[in-house]
Structures are given as C-alpha cells and as structure tokens.
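Working notes for the structure below.
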Amino acid sequence: MTATVGADPGVVGPYLATVLEDERWREVDVDLIAAGMSNLTYVVTPRGGSADDAVILRRPPTGAVLATAHDMAREHRVISGLAGTPVPVPRTLHLCTDTEVLGAPFYVMERVVGVHVVDELPAGYADTEPERRALGDGLVDVLADLHTVDPAAVGLGDFGRPEGFLARQVRRWTTQWEATRDTDRPDLDELAAQLAASVPTTRRSGIVHGDYRMDNCLLDPQTPGRVRAVLDWEMSTLGDPLTDLGMLFVYWPQAGEDRGVALSAVTALPGFPTRAQVAERYAERTGTDLGDLSWYVGFAYFKFASILAGIVARSAAGAMAGKDATGYADKIGPCVELGRAALRDGAV
C-alpha cells in the first residue's frame with residue numbers, strides 16, 4: 001500500500017481547504033504513519049509548509065473490518081470531550097461522516113509533537129533510573145486522572161453503558177475471537193468461559209480508554225514524566241476503569257522475565273516501576289480497591305489474545321496497510337497461559 005491509499009492528497013487537500021476555510025490546504029502532502037495495527041493515521045502537511053503546519057488525519061483500515069470497530073465519531077467525541085481536563089489530548093479540528101469523501105468516516109486533529117516510544121527509548125531520553133521512574137509514574141498518573149474525570153461534566157454521560165459492562169466485554173471479545181480465529185484453540189475458549197463465569201462486581205465506573213499503554217502516548221521531549229497527549233481512543237467507552245489497569249499490565253514487562261507476549265520491553269529497563277508499584281500508585285491516586293485485580297489481568301490477556309487474532313486475520317486478508325504482523329500468532333498461546341495463571345493463582 002502506498003502512503004496515500006485511503007487519504008488521496010487530491011481529495012484531502014481541497015476538502016480541508018473548504019472545511020477549515022483556509023486555502024493553504026488546497027494542495028497537501030500526505031504521509032502514512034507506520035505505527036498501529038488498526039485505524040490508519042496520516043500526517044497531512046500543506047504543500048510548501050513545515051512540520052509545524054501539519055495536522056493528523058485518522059480513518060479506519062481500507063479493508064473489511066468488524067462492524068463494531070473503528071468508530072471515528074466516537075473517537076472524535078471522547079477526545080473533544082476531554083479537552084480542558086487533566087488528561088492531555090490533541091485538539092480536534094473536524095469530523096467527516098460523509099463516506100463519499102474518503103470511503104469511510106474520518107477526523108482531523110492537531111499534530112502534537114512528542115516522543116513516541118515503541119521498542120526502545122531514544123538515545124539520551126530518560127537514560128537515568130530516576131527519569132525512568134518518573135516516566136512510569138507519569139503514565140500511571142494520567143490513567144488515574146482519566147478515571148477520575150466525571151463523564152457527565154464533559155458531555156460524555158451517555159458515552160457508554162456502565163451497567164453490565166464487564167459481562168458485555170467478555171461476550172464482545174469472545175465474539176471477536178470466534179469471528180477471527182486463526183486455528184482451533186480450546187485453551188482460549190476455556191479462558192473465555194472461565195472469565196464469563198467469574199465476572200466481579202464493578203466497584204466504580206468512568207471513562208475507559210480501552211488500550212492504554214506507553215506507545216499510545218506522546219511524551220514530553222524535555223520532561224520524561226510528562227505525557228503530552230494520549231492517542232488511539234478507538235475502544236474508549238464508559239465502563240469499569242480497572243480494565244485499563246489490567247491491560248496496562250499486559251504491556252508492562254518487568255526486569256528478569258520473558259512472558260513471550262510483550263511487544264516492547266522498555267518497562268523492563270532499570271528504574272521503571274514494577275507492576276506492583278504501578279498498582280500501588282494507581283490505588284493511591286484513585287482510592288480504588290484492587291482486590292479483584294487478578295480477574296482484570298486475566299481478562300486483559302484474553303482481550304489481547306483476541307486482538308492478536310484479529311490482527312493476524314486482517315493481515316492474512318491484506319487489510320493491514322503494509323504493516324508487519326509476523327510473530328503475532330505466536331503470542332496468542334502465551335497470552336492464554338498468563339490469563340489462566342491470573343485467574344488460577346492471582347498472578348499479575
């Protein structure tokens with residue numbers, strides 16, 4: 001796939017010039033950001049402009065996707081609603097629901113400049129243990145800030161249905177797994193059944209990101225402990241905030257362990273807080289009882305396994321915009337084992 005498939009500059013430019021009422025957008029350069037495995041993200045720059053002039057365009061994948069995924073209007077709405085709260089988000093500029101323009105809904109937001117950490121820290125960035133601890137603590141604090149936002153106060157009181165959220169989540173990801181299963185995986189089916197049979201009582205509800213982790217954030221270039229923007233809100237809703245904490249644990253390997261599921265080992269570097277320290281800080285910031293945390297971790301591994309299966313399926317169907325999904329199928333089994341261990345032994 002070329003960089004402009006899904007966002008033809010000849011269409012994007014004139015459209016932005018009209019809706020933003022600025023003729024400098026009449027001609028643009030469009031570059032696909034080679035990150036993420038779901039919605040497509042493009043940098044759009046006015047012809048002759050600099051990086052400071054660029055904006056970000058988000059749209060669904062160009063291939064067939066599950067009907068419940070990739071809702072641009074919801075993603076645009078939650079980011080717009082969180083503007084002005086302690087949660088750092090980009091400023092939204094425009095939402096287009098007319099599928100005649102690019103073949104799918106899309107939205108445009110400001111481009112936030114920050115450090116995007118995926119596989120490793122950039123040279124010279126957070127290279128001391130105190131800076132890494134600050135980075136880890138900063139990520140936890142933003143998650144806690146998100147979970148203490150009053151949804152009704154920011155116009156998101158009807159953004160989801162908190163009642164029965166956990167049971168619906170188990171059903172949703174079970175359905176997604178069944179729709180994209182790559183092979184017979186009875187252990188994954190069993191994990192789904194165990195989760196469904198042991199759903200805990202939700203202690204509090206709030207805005208849930210759905211996939212909160214370091215590489216869905218942009219970090220401040222000068223201050224590692226500061227998050228400049230939280231991105232990728234495509235799975236956000238109202239529900240049980242502890243699902244976010246459980247998911248963060250999936251993405252938080254510690255020193256001396258190889259769980260076979262991590263997409264990045266950054267948090268295993270010296271200085272980063274352990275998962276236990278993450279949980280302790282989160283509990284202190286939110287006042288949340290974490291007595292059922294092991295269920296949420298088990299569910300997170302199940303959800304992650306289902307996401308991986310979806311990525312593998314979309315890649316096989318040629319709908320991943322040229323992104324490499326090699327090795328993802330190999331991570332599904334370890335996810336299932338870690339999920340079962342969380343339910344069986346309380347391992348987090």
Side-chain angles (χ1 to χ4, degrees), residues 136 139-149 151 160-177 187-188 190-214 216 230 233 235-254 257 259 261-263 267 273-308 331-332 334-348:
L139 290 168
V140 177
D141 291 350
V142 167
L143 185 63
D145 287 341
L146 171 64
H147 292 163
T148 52
V149 169
R161 292 182 296 129
E163 300 80 10
F165 173 76
L166 293 179
R168 288 198 310 276
Q169 281 286 292
V170 174
R171 290 196 299 270
R172 173 191 173 180
W173 291 103
T174 299
T175 298
Q176 174 143 330
W177 153 238
D187 288 351
L188 184 50
E190 182 180 349
L191 176 57
Q194 290 175 331
L195 289 164
S198 58
V199 175
T201 300
T202 293
R203 300 176 187 272
R204 55 190 300 269
S205 298
I207 302 171
V208 174
H209 181 277
D211 195 24
Y212 186 81
R213 62 184 194 263
M214 188 185 305
N216 276 341
V230 181
W233 292 85
M235 290 192 284
S236 59
T237 189
L238 299 187
D240 191 324
L242 288 184
T243 55
D244 274 343
L245 184 62
M247 201 68 193
L248 184 61
F249 276 23
V250 173
Y251 300 119
W252 204 281
Q254 299 175 171
E257 68 179 12
R259 300 179 295 174
V261 301
L263 302 181
T267 57
T274 64
R275 291 190 294 275
Q277 290 169 330
V278 166
E280 180 181 6
R281 188 175 183 93
Y282 177 88
E284 290 175 353
R285 294 271 301 193
T286 63
T288 303
D289 184 337
L290 301 183
D292 294 319
L293 182 58
S294 60
W295 186 94
Y296 293 90
V297 174
F299 170 70
Y301 279 115
F302 167 68
K303 175 180 172 180
F304 191 49
S306 299
I307 291 172
L308 292 174
K331 298 180 183 295
I332 297 175
C335 276
V336 175
E337 290 307 311
L338 288 164
R340 296 177 69 187
L343 295 184
R344 182 182 64 245
D345 308 323
V348 297

Contact check, side chains of [X] and [Y], non-hydrogen atoms, under 4.5 Å:
{"X": "Met247", "Y": "Ile307", "value": "yes"}
{"X": "Arg344", "Y": "Gln194", "value": "no"}
{"X": "Arg285", "Y": "Val140", "value": "no"}
{"X": "Phe299", "Y": "Leu166", "value": "no"}
{"X": "Leu248", "Y": "Tyr282", "value": "no"}
{"X": "Leu343", "Y": "Leu191", "value": "yes"}
{"X": "Lys303", "Y": "Val250", "value": "no"}
{"X": "Asp244", "Y": "Leu146", "value": "yes"}

Closest non-hydrogen atom pair, [X] against [Y]:
{"X": "Thr174", "Y": "Ala192", "answer": "OG1-CB, 3.6 Å"}
{"X": "Tyr301", "Y": "Cys335", "answer": "CB-O, 3.3 Å"}
{"X": "Gly160", "Y": "Thr237", "answer": "CA-OG1, 3.6 Å"}
{"X": "Pro273", "Y": "Trp252", "answer": "O-NE1, 2.8 Å"}
{"X": "Ser294", "Y": "Gly346", "answer": "CB-CA, 3.6 Å"}
{"X": "Pro241", "Y": "Ser205", "answer": "CD-CA, 4.0 Å"}

Centroid-centroid under 6.0 Å between Tyr296 and Phe249 rings: no
Let me confirm one number: the [atom1]-[atom2] distance from [X] to [Y], rounded to the nearest 0.5 Å.
{"X": "Arg171", "Y": "Leu195", "atom1": "CZ", "atom2": "CG", "value": "13.0 Å"}
{"X": "Asn216", "Y": "Leu139", "atom1": "CG", "atom2": "CG", "value": "11.0 Å"}
{"X": "Thr201", "Y": "Asp292", "atom1": "OG1", "atom2": "CG", "value": "7.5 Å"}
{"X": "Leu290", "Y": "Leu245", "atom1": "CG", "atom2": "CG", "value": "6.5 Å"}
{"X": "Thr202", "Y": "Asp240", "atom1": "OG1", "atom2": "CG", "value": "4.0 Å"}
{"X": "Met235", "Y": "Arg172", "atom1": "CE", "atom2": "CZ", "value": "7.0 Å"}

In sequence, state the C-alpha distance, the side-chain angles, and the governing distance for Thr267 and Tyr251, and then conclude on side-chain contact (heavy atoms from CB on, under 4.5 Å). CA-CA 8 Å; Thr267 57; Tyr251 300 119; over 6 Å; no
What verdict does the side-chain contact (heavy atoms from CB on, under 4.5 Å) test give for Trp173 and Trp177, after you've listed the backbone C-alpha separation in whole Å, the side-chain angles of each residue and the deciding distance to 0.1 Å? CA-CA 6 Å; Trp173 291 103; Trp177 153 238; over 6 Å; no
Please test Val208 against Leu238 for side-chain contact (heavy atoms from CB on, under 4.5 Å), starting from the C-alpha separation and ending with a verdict. CA-CA 6 Å; Val208 174; Leu238 299 187; over 6 Å; no
Relative to the ring of His209, is the ring of Tyr212 parallel (under 30°), tilted (30 to 60°) or perpendicular (over 60°)? perpendicular
Indicate yes or no: does Arg204 engage Asp289 in a salt bridge with an N to O separation below 4.0 Å.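 Looking at Asp289 together with Arg204, the answer is no, because their closest N to O distance does not fall below 4.0 Å.
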Applying side-chain contact (heavy atoms from CB on, under 4.5 Å), run through Arg161 and Arg168 and close with a yes or a no. CA-CA 10 Å; Arg161 292 182 296 129; Arg168 288 198 310 276; 3.3 Å; yes
